[in-house]
Amino acid sequence: MSIPAFDPRTPVLPLRAEIDEAVGRVLDSGAFILGPEVSAFEEAFARWLGAKHVVGVANGTEAITIALRALGVGPGDEVIVPSFTFYASAEAIPPTGASPVFCDVDPLTRCVTADTVRAAITPRTKAVLVVHLFGNVAPVAEIAALGVPVVEDTAQATGADGTRADGTVAKAGTLGAAGTFSFYPSKNLGGFGDGGAIVTDDDAVAEQARLLRLHGSRAKDTYLEVGYNSRLDAIQAAILGVLLPHVPAWVEHRRAAAARYRASALADAVGLPADGPSSSPAWNLWVVTHPEADRIAAGLQERGIEARAYYRQPIHLQPAMEPWAPFVPLPHTTQLAAEHLALPISAAITDDQIDEVAAAVAELA
Ligand SMILES: *Cc1c(COP(=O)(O)O)cnc(C)c1O
């Protein structure tokens, strides 16, 4: 591919010596799971986010399950979740014992809104799992005002900014009761393997998340909960600590790429995303819409441009989700699933590449 869909490698190449040093430090320490490297990264990430606690875990999927359980979600409860998102957002709910209740999204932001969440609330609703999809930011304060605790799936939106109820700007993932992150390599802060984190200002939630990630145990021979083996590796934490200071510049690059796409011929050819209200997205993916998205993707493929749909089959139609059929209509989910197409974007994409993609899409659309 002359223009890949994403490029996690180029931005980290200049950091090779620092990464080698960090990995060597871990090898020399002999401490490979949790330990001082993980604590140091947790503290650095918390400081950067402006959050009180970060709990490093094995991946972004388990971060959701553990965050929900730490908030008290369990059997008999319902958790509202959009159907238009990566499967893991919903998959993480049944392991808590609760049922996912699917809601619709806004057609332009592709995120849940207070209205789409309100339609899915029942007396059993215990939490809302808001997804900051594609790096955009859902209106967390408006949704929290409905009176249901909000957990933010921030896997795709590391570095995005939102607004709190009092009007102050804060990082996505710190706007609700808890936020969850993924350090999967293609995310905005991606490690060299799996990793994730739970973020919260609530001491009790953080404490419970720490317990659950380590087999429900505080001391080695007493097990208080049926928990998980879900820990962040020291090597990943050391690498993430090297990458973290560069995330703001990488996010700025993504924002500039999105702005260039907006100003290009793309705007007249396809549907573009709208920023979430009072937010500054971090565009992990640049997703447009067109009734013939697959034909455009095939045409781009012929020109050496990688473009793809991520969620052609929405989650509520996945075979595993059959027990949790939605009770609200999901018209925007259905349409977005059929029409969305992710165009190349990364922290390394060049202006020439963006112009080439935009011109090709305009020609094909
Ligand atoms: C990547 C992703 C996850 C899961 O993260 P993993 O680290 O891969 O487990 C969850 N939700 C969304 C929206 C994601 O994009």
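Counting starts at 1 for both ligands and their atoms, in listed order.
Close N/O approach between Gly60 and ligand 1 is found [any backbone or side-chain N/O within under 3.5 Å].
Residue Asp153 holds the heavy atom nearest to atom 10 (C) of ligand 1 of all those in Thr61, Asp153, Asp194. When the options Ser182, Gly195, Ala63 are ranked by their closest heavy atom to atom 5 (O) of ligand 1, first place goes to Ser182.
Atoms of ligand 1 lying under 4.0 Å from any heavy atom of Ala155, numbered from 1 in the order shown and given with element: 2 (C), 3 (C), 10 (C), 11 (N), 12 (C), 14 (C), 15 (O). Each of the atoms 7 (O), 9 (O) of ligand 1 lies under 4.0 Å from some heavy atom of Asn59.
In Glu62, neither the side chain nor the backbone holds a heavy atom less than 4.0 Å from any atom of ligand 1. Residue Thr85 touches ligand 1 through its side chain alone, judged by heavy-atom distances below 4.0 Å.
In the model, Asp104 has a side-chain atom that pairs as donor or acceptor with a side-chain atom of Thr333 under 3.5 Å. Of the N and O atoms on the side chains of Thr113 and Asp115, not one donor lies less than 3.5 Å from an acceptor on the other residue.
Not a single heavy atom of His132 lies less than 4.0 angstrom from ligand 1. Ligand 1 does not have Gly196 within reach: every non-hydrogen atom of the residue lies 4.0 Å or more from it.
Under the side chain to side chain contact (heavy atoms under 4.5 Å, CB included) rule, Ile64 has a single partner from Asn59, Thr96, Thr180, which is Thr180. Remark: of the listed residues Arg110, Gln335, Arg312, Arg312 is the sole one forming a side chain to side chain contact (heavy atoms under 4.5 Å, CB included) with His340.
Salt bridge Arg210/Glu207: absent, no basic N to carboxylate O contact under 4.0 Å.
One N or O on the side chain of Asn136 and one on the backbone of Gly276 form a donor-acceptor pair closer than 3.5 Å.
Taking atom 1 (C) of ligand 1 as the reference point, the nearest protein heavy-atom neighbour is Lys187 NZ, 1.7 Å.
By the 6.0 Å and 45° rule, Arg308 stacks over the aromatic ring of Tyr310.
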